[in-house]
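Read through the structure below, which is laid out as structure tokens, and then see the notes.
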Amino acid sequence: MGKILVTGACGQIGSELVIKLIELHGSDQVVASDIKRPCEIFKNRVTFHYLDVLDSAELKKMVAEEEIDTIFHMAAILSAVGEKNPQWAYQVNMQGLINVLETARLLGVNKVITPSSIAAFGPDAPKDGTPDDTPLNPTTMYGVTKVAGEKLLQYYFLKYGVDGRSLRYPGIISSETAPGGGTTDYAVDLYVHAVLQKPYVCYIDKDTPLPFMYMPDAIKAILQLAEAPAEALSRRVYNVNALSLTPAQIVAAIRKFYPNFSVEYQPDYRQQIAESWPHSLNDDFARRDWGWQPDFDLDRMSQDMLEKLKIRYGK
Ligand code: SER
């Protein structure tokens, strides 16, 4: 069996995915890559390659040399940063993905798993229980690249038989690596500020609902999708749903532990992005095809998150 490569391994999801893959398969079976240098998260626990996913020659060389047979392609520019520099987001997200798919095609990589997002939907999609198949008219460049990425995955499967798989992640709440440049980052910031006992100014209005998922569920989902037998899959891209939360609901859950936690709301340009996305997704296909089911509700997540952050920040 070949090894598993994770691109964007130093990012919010990539970093925890690498740790989980090491637990499951052993450190000699996992290769981490990122453009961040130095990236010290893994503390010599795994082979780490500095890699820009835009460098297709280097990517191919590494995949061949390391005998990679599964790629988790996690390197991407997120929505908020993407709106500041849409051309760069296009370049990294689209060229990065096609480089990975081309590498997979040419070198016979067995599987490519890469996340899509709730950002694939735009304002005209149904807000609640948004189905997998519905209009995809995103209003962010990030969303545009996610929709195009989904289609590219489908194309490579139909034309070349590359086994690409994707899931539409909601905002991911996690305690280990900070998210970078997403619209949903405030959810993590709320918990961090509570633990540091600092007031927080939230850039999303208090009653704006968005879909969220706790990191252990996010890791579980992507691994379940990756491991599902090919014949169980009825599609390439799956909605996954866990929580639908407003900032006010998250704050109320945090205040059960930190009653004096103070939050002010000052919506900025990210409010419009949040309002263009669904509140919750219908994930019947993921549940039926590969047994998806989240474990964490708001209270369980909040308790776990706060405990982990207290340790992390020595509180
Ligand atoms: N968390 C992402 C973002 O906010 C959504 O996919 O950009």
Side-chain angles (χ1 to χ4, degrees), residues 8 10-17 72-86 88-90 92-94 96-97 113-123 125 127 130 132 136-150 153 166-192 202-205 208-215 217-219 221-222 225 237-247 250 267-281 283 286 294 301 305:
C10 300
Q12 185 195 16
I13 305 173
S15 57
E16 296 207 37
L17 179 60
F72 287 90
H73 177 49
M74 311 302 283
I77 304 297
L78 296 192
S79 61
V81 163
E83 285 316 283
K84 298 280 180 201
N85 193 341
W88 180 54
Y90 181 89
V92 173
N93 295 0
M94 294 315 311
L97 178 59
I113 304 99
T114 190
S116 183
S117 163
I118 50 167
F121 301 107
K127 287 287 176 202
T130 311
D132 284 87
L136 297 175
N137 293 308
T139 50
T140 60
M141 179 56 94
Y142 174 68
V144 168
T145 67
K146 288 298 174 187
V147 173
E150 291 181 1
L153 218 59
S166 184
L167 70 183
R168 291 187 182 130
Y169 269 145
I172 306 297
I173 297 179
S174 69
S175 56
E176 303 310 301
T177 306
T183 300
T184 56
D185 295 9
Y186 65 90
V188 174
D189 293 346
L190 282 166
Y191 287 96
V192 170
C202 185
Y203 55 80
I204 298 293
D205 188 61
T208 310
L210 280 174
F212 282 99
M213 186 180 287
Y214 193 36
M215 183 63 91
D217 280 331
I219 299 296
I222 200 166
L225 173 62
V237 182
Y238 286 88
N239 282 359
V240 281
N241 196 61
L243 306 162
S244 178
L245 301 170
T246 64
I250 299 174
D268 66 12
Y269 71 99
R270 290 168 282 194
Q271 179 66 29
Q272 207 184 346
I273 301 178
E275 284 175 13
S276 75
W277 292 349
H279 302 162
S280 66
L281 306 187
D283 58 2
M301 169 179 74
M305 194 51 198

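In each ligand, atom 1 is the first atom listed, and ligand 1 is the first ligand listed.
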Which ligand 1 atoms does [X] reach within 4.0 Å, using its non-hydrogen atoms?
X	answer
T183	3 (C), 4 (O), 7 (O)
W277	3 (C), 4 (O), 5 (C), 7 (O)
S117	5 (C), 6 (O)
L78	7 (O)

Is there a polar contact, in the sense of an N or O pair closer than 3.5 Å, between D185 and ligand 1?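 No, there is no polar N/O contact under 3.5 Å.
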Would S79 count as being in polar contact with ligand 1, using the rule that some N or O on each side must be under 3.5 angstrom apart? yes
Start with the C-alpha distance between D185 and R270, add both sets of side-chain angles, then the distance that settles side chain to side chain contact (heavy atoms under 4.5 Å, CB included), and finish with yes or no. CA-CA 10 Å; D185 295 9; R270 290 168 282 194; over 6 Å; no
If we ignore angles and hydrogens, is there a donor and acceptor under 3.5 Å between the side chains of T177 and S15?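 Distance-only check passes for T177 and S15.
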Between T183 and S79, do the side chains contain a donor N or O and an acceptor N or O under 3.5 Å apart? yes
Classify the ring geometry between Y186 and F212 as parallel (under 30°), tilted (30 to 60°) or perpendicular (over 60°).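 Taking F212 first and then Y186, their aromatic rings stand perpendicular (interplane angle over 60°).
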Under 4.0 Å between a side-chain nitrogen and a carboxylate oxygen: does that hold for R168 and E150?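 Yes, this pair counts.
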Protein heavy-atom partner closest to atom 1 (N) of ligand 1 - residue, atom, separation in Å: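 Of every protein heavy atom, T184 OG1, 2.7 Å lies nearest to atom 1 (N) of ligand 1.
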Should the proximity of A119 to ligand 1, defined as any heavy atom under 4.0 Å, be assigned to the side chain, the backbone, both, or neither? neither
Please indicate whether K84 has more than 12 foreign heavy atoms, meaning atoms of other residues, nucleotides or ligands, lying under 6.0 Å from its NZ.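 No, not enclosed.
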